[in-house]
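Everything below concerns the one structure shown next.
Protein chains get the first letters and strands the later ones, always in sequence-line order, with residue 1 at the start of each.
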2 protein chains.
Amino acid sequence: MDNNAMPIRNTNQRQLIFDYLKRTLTHPTAEQIFQQMRKELPSISFGTVYRNLDILEKQGLISTIIYSKEHVRYHSGTMNHSHFVCSVCDRIEDLEVDDLSELKNQISRRYKLKISKHNLIFYGLCPACQKVYK
Amino acid sequence: MDNNAMPIRNTNQRQLIFDYLKRTLTHPTAEQIFQQMRKELPSISFGTVYRNLDILEKQGLISTIIYSKEHVRYHSGTMNHSHFVCSVCDRIEDLEVDDLSELKNQISRRYKLKISKHNLIFYGLCPACQKVYK
DNA sequence: CTACCTGCAAACTTTTTGCAGCCCA
DNA sequence: TGGGCTGCAAAAAGTTTGCAGGTAG
């Protein structure tokens with residue numbers, strides 16, 4: 001979990017995964033990354049893929065797009081506000097944010113998209129956890 | 001999957017779930033909703049909870065906050081752009097969006113948060129799928 | 001009455017983890 | 001050489017689904 005203090009080695013597997021993500025434009029899933037890696041390194045395992053994706057993300061070399069189910073939270077009403085998730089205590093806070101319809105319209109037009117909804121989440125430390133963690 | 005054309009009944013289970021979501025402020029997970037419902041209706045099952053959450057969401061009565069793993073997609077680099085997910089073909093497109101640092105600063109200050117990253121996703125129909133689905 | 005809904009349990013999907021051996025620094 | 005890293009496989013976590021009976025409208 002905590003890779004902060006840990007030295008990190010540069011393995012062939014990790015390099016291959018990173019190279020693939022740098023050259024692809026498809027935003028692959030872990031499954032798709034695993035399949036691609038098997039072509040280049042038939043003995044690679046799923047565990048290795050997941051472990052390296054975590055490490056690469058912690059190093060800030062890649063990032064994740066969370067776009068679909070699991071670890072979903074529910075609330076009533078339509079989503080006309082955004083959310084903050086505390087990385088430590090996992091609490092979710094509602095945020096009153098200036099509405100993004102301006103931005104949404106702009107993007108719809110520019111990319112010719114039909115946008116039905118959006119999801120804006122900020123991650124970080126809540127006031128209480130900021131005190132505890134220095 | 002497609003509840004659009006289906007008449008929807010008003011069952012006790014569904015009403016209890018909706019009532020709970022209306023009065024709670026905690027953004028519960030499906031698991032937490034299930035545990036709460038068991039207090040009010042000990043025989044309720046997980047399947048019923050999930051099915052009703054889907055229905056309530058399709059009706060627009062509740063909404064979901066997707067904030068953590070699974071169905072994650074990866075890409076290289078740090079996330080300085082936002083994404084669009086097509087609900088039909090599942091393709092993910094990068095969007096060049098005016099940066100949100102202004103908004104981020106404003107929110108940090110107002111809510112006393114330490115924000116380390118954000119995730120902005122728009123959902124809808126991509127140009128190709130708009131043609132197919134009328 | 002009809003067909004949507006429920007509880008139950010099994011199946012599925014995706015991710016995590018323990019372990020013994022490997023190999024990068 | 002040491003300790004992070006790997007492949008393998010089993011386990012865990014979370015969600016979906018088939019079925020037979022229940023119930024709202």
Side-chain angles (χ1 to χ4, degrees), chain A residues 1-20 27-59 61-74 85 90 92, chain B residues 1-20 27-59 61-74 85 90 92:
Chain A
M1 286 284 125
D2 181 25
N3 283 66
N4 288 333
M6 239 178 263
I8 294 181
R9 289 184 184 167
N10 194 12
T11 67
N12 187 36
Q13 285 85 340
R14 180 135 67 241
Q15 190 63 53
L16 287 174
I17 291 171
F18 186 43
D19 287 345
Y20 173 55
H27 305 87
T29 62
E31 164 77 29
Q32 291 166 334
I33 293 168
F34 172 66
Q35 294 302 340
Q36 176 62 34
M37 287 306 100
R38 281 227 291 197
K39 293 182 193 165
E40 308 179 22
L41 195 70
S43 65
I44 201 171
S45 73
F46 237 121
T48 297
V49 169
Y50 276 112
R51 280 183 286 227
N52 279 312
L53 288 170
D54 282 350
I55 291 173
L56 288 168
E57 188 180 8
K58 287 207 179 71
Q59 290 180 288
L61 294 171
I62 66 170
S63 50
T64 59
I65 308 166
I66 297 154
Y67 78 107
S68 179
K69 315 210 119 183
E70 185 169 322
H71 284 177
V72 171
R73 302 276 201 110
Y74 299 86
V85 179
D90 214 46
I92 295 186
Chain B
M1 285 282 126
D2 180 24
N3 282 67
N4 287 332
M6 238 178 266
I8 294 181
R9 289 186 183 165
N10 194 11
T11 67
N12 187 35
Q13 286 84 341
R14 181 134 68 241
Q15 190 63 55
L16 286 173
I17 291 171
F18 186 45
D19 287 346
Y20 173 56
H27 306 87
T29 62
E31 164 76 30
Q32 290 166 335
I33 293 168
F34 172 66
Q35 294 303 341
Q36 176 62 36
M37 286 307 99
R38 281 227 292 196
K39 293 181 193 164
E40 308 178 21
L41 195 70
S43 64
I44 201 171
S45 73
F46 238 121
T48 297
V49 169
Y50 277 113
R51 281 183 287 226
N52 279 312
L53 288 170
D54 283 349
I55 291 173
L56 288 168
E57 188 180 9
K58 288 208 179 70
Q59 291 180 289
L61 294 172
I62 67 170
S63 51
T64 58
I65 308 166
I66 296 154
Y67 80 106
S68 179
K69 314 213 123 183
E70 183 167 321
H71 284 179
V72 171
R73 302 276 201 110
Y74 299 86
V85 179
D90 215 45
I92 295 186

Residues of residues 36-49 of chain B with a heavy atom under 4.0 Å from any atom of DNA chain C, listed by number, are B:Ser43, B:Ile44, B:Ser45, B:Thr48
Those residues at least two apart in sequence (or on a different chain) that pass side-chain hydrogen bond (donor to acceptor under 3.5 Å, both in side chains) with A:Gln13 are none
Sorted by chain and residue number, the ring pair (Phe, Tyr, Trp, His ring centres under 6.0 Å) partners of B:Phe34 (sequence neighbours excluded) come out as B:Phe46
CD1 of A:Ile65 to OG1 of A:Thr29, rounded to nearest 0.5 Å, is 11.5 Å
Separation of C:dC4 atom C1' from B:Leu56 atom CG, nearest Å, is 15 Å
With B for base contact, S for sugar-phosphate-only contact and - for none (protein heavy atoms under 4.0 Å), nucleotides 19-25 of chain C reads ----BBS
Correct closest heavy-atom pair for A:His27 and A:Gln32 would be O-OE1, 4.4 Å
In whole angstroms, the gap separating P of C:dT13 from CZ of A:Phe34 amounts to 15 Å
Sorted by chain and number, sequence neighbours left out, ring pair (Phe, Tyr, Trp, His ring centres under 6.0 Å) with A:Phe18 holds for none
To the nearest angstrom, the CD-P distance between A:Gln32 and C:dT13 comes to 15 Å
note: A:Ile55, atom CD1; C:dT17, atom P; distance rounded to Å ~ 13 Å
B:Glu40 meets the side chain to side chain contact (heavy atoms under 4.5 Å, CB included) criterion, sequence neighbours left out, with B:Leu16, B:Arg23, B:Gln36, B:Met37
query: At under 4.0 Å between heavy atoms, what does A:Glu31 touch on the DNA or RNA strands: base, sugar-phosphate, or nothing?
result: nothing
To the nearest angstrom, the CZ-C1' distance between A:Arg14 and D:dC5 comes to 8 Å
To the nearest 0.5 Å, atom OG1 of A:Thr11 lies from atom CD1 of A:Ile55 at 7.5 Å
In whole angstroms, the gap separating P of D:dT6 from CD of A:Gln15 amounts to 12 Å
From NZ of A:Lys58 across to P of D:dC5 the rounded distance in Å is 11 Å
The reported gap from NZ in A:Lys58 to CG in A:Leu53 (rounded to nearest 0.5 angstrom) is 11.0 Å
- Task: Give a yes/no answer on whether the side chain of B:Gln13 brings an N or O atom under 4.0 Å of OP1 or OP2 in D:dT23.
- Result: no
For A:Val49 and A:Ile17, the nearest pair of non-hydrogen atoms, with its separation, is CA-CD1, 4.0 Å
Separation of C:dT14 atom P from A:Asp54 atom CG, nearest Å, is 17 Å
